[in-house]
Amino acid sequence: MAKVEAASFRLRGRQPALVVQPLRLRIDADNLGPLLAAQPAGTIVLECSDQPTLKFLVNDACLAHGLPLVLAGVQRWRGQVQAVVRGHACLRCMFEAPPPPELAESCSAVGVMGTAAGLLGYWMAHLAFALRAGSDCAGELWAIDARSLEPQVLRPKPRPGCPACASAR
């Protein structure tokens with residue numbers, strides 16, 4: 001079973017009233033804009049791919065469409081999670097651009113601890129609910145080590161000249 005179908009099945013099993021629209025497609029620059037434009041008000045995008053270039057693409061597109069975003073990444077025991085909303089620091093404010101492919105270690109090459117992925121998934125859900133509840137958690141970058149369970153929180157300001165934030169205005 002595809003991941004998107006398995007996730008949809010599990011979510012509906014836990015919350016039968018939940019509306020889930022699984023889309024089995026490879027997201028790219030051509031289909032992301034129309035996909036986001038078709039989302040109803042109140043949509044929060046969750047990005048959890050293991051592709052740095054896709055993370056930046058989704059960051060930029062969500063800002064351009066005014067959609068809140070929660071993104072996360074995990075490798076080995078460590079991960080990061082961030083809520084992105086217009087007017088707050090975004091992924092591009094902190095990292096400017098994805099790393100060159102030869103410097104971006106893949107999850108399949110370095111491994112991912114299941115507990116670390118679960119912890120980051122929980123944190124993504126927490127931030128999505130916090131955004132929905134009106135919490136001011138946007139822009140914070142949480143770095144979490146699942147071995148020590150010691151989070152680090154960075155609260156950067158939006159970077160002057162950030163192209164993603166500038167295009168969102």
Could you check if a side-chain atom of [X] sits within less than 4.5 angstrom of a side-chain atom of [Y], using non-hydrogen atoms only?
| X | Y | answer |
| --- | --- | --- |
| D136 | H88 | yes |
| L119 | I144 | yes |
| V70 | V84 | no |
| C162 | C90 | yes |

Show me the donor-acceptor pairs, under 3.5 Å and distance only, between side chains in residues 126-134 and residues at least two apart or in other chains.
| unit_1 | atom_1 | unit_2 | atom_2 | d |
| --- | --- | --- | --- | --- |
| R132 | NH2 | G42 | O | 2.3 |

Applying salt bridge (charged side-chain N to carboxylate O under 4.0 Å, His left out) as the test, list every pair that has at least one member in residues 18-28; sequence neighbours left out. E5-R24
[X] to [Y] - nearest heavy-atom pair and separation:
| X | Y | result |
| --- | --- | --- |
| C62 | L36 | N-CD1, 3.8 Å |
| P52 | P99 | CB-CD, 3.8 Å |
| P156 | G139 | CD-O, 3.6 Å |
| G13 | P16 | O-CD, 4.5 Å |
| R12 | P22 | NH2-CD, 3.7 Å |

Please check if V4 and L11 belong to a single hydrophobic cluster, counting links between Ile, Leu, Val, Met, Phe, Trp and Tyr side chain heavy atoms closer than 4.5 Å.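 No, V4 does not connect to L11 through the hydrophobic network.
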Same cluster for L23 and F9 if Ile/Leu/Val/Met/Phe/Trp/Tyr side chains link at under 4.5 Å?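 As far as the 4.5 Å side-chain criterion goes, F9 and L23 are not connected within one cluster.
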Determine yes or no for a side-chain-to-main-chain donor-acceptor pair under 3.5 angstrom, with [X] supplying the side chain and [Y] the backbone.
| X | Y | result |
| --- | --- | --- |
| R92 | A164 | no |
| N59 | L91 | yes |
| R78 | A143 | no |

Enumerate, atom names and distances included, each donor-acceptor pair closer than 3.5 Å involving a side-chain atom of residues 147-155, sequence neighbours excluded.
| unit_1 | atom_1 | unit_2 | atom_2 | d |
| --- | --- | --- | --- | --- |
| S148 | OG | E150 | N | 3.3 |
| R155 | NE | E140 | OE2 | 3.1 |

Taking only residues two or more places apart in sequence or in another chain, which ones pass side chain to side chain contact (heavy atoms under 4.5 Å, CB included) with [X]?
| X | value |
| --- | --- |
| L120 | A72, V74, V81 |
| I27 | L25, N31, L32, L35, L54 |
| R10 | R14 |

The test is side chain to side chain contact (heavy atoms under 4.5 Å, CB included); show your working for L141 and M94 and say whether it passes. CA-CA 9 Å; L141 177 74; M94 289 182 286; 3.9 Å; yes
By the ring-ring contact (aromatic ring centres under 6.0 Å, His included) test, which pairs, at least two apart or in different chains, include something from residues 35-61?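 ring-ring contact (aromatic ring centres under 6.0 Å, His included) check on residues 35-61 returns no pairs.
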Sequence neighbours left out, what pairs pass side chain to side chain donor-acceptor pair (under 3.5 Å) with at least one residue falling in residues 62-72? none
Can you list every pair that meets side chain to side chain donor-acceptor pair (under 3.5 Å) and has a residue in residues 37-48, with sequence neighbours left out?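 Passing the test, one end in residues 37-48: E47-S49, E47-K55.
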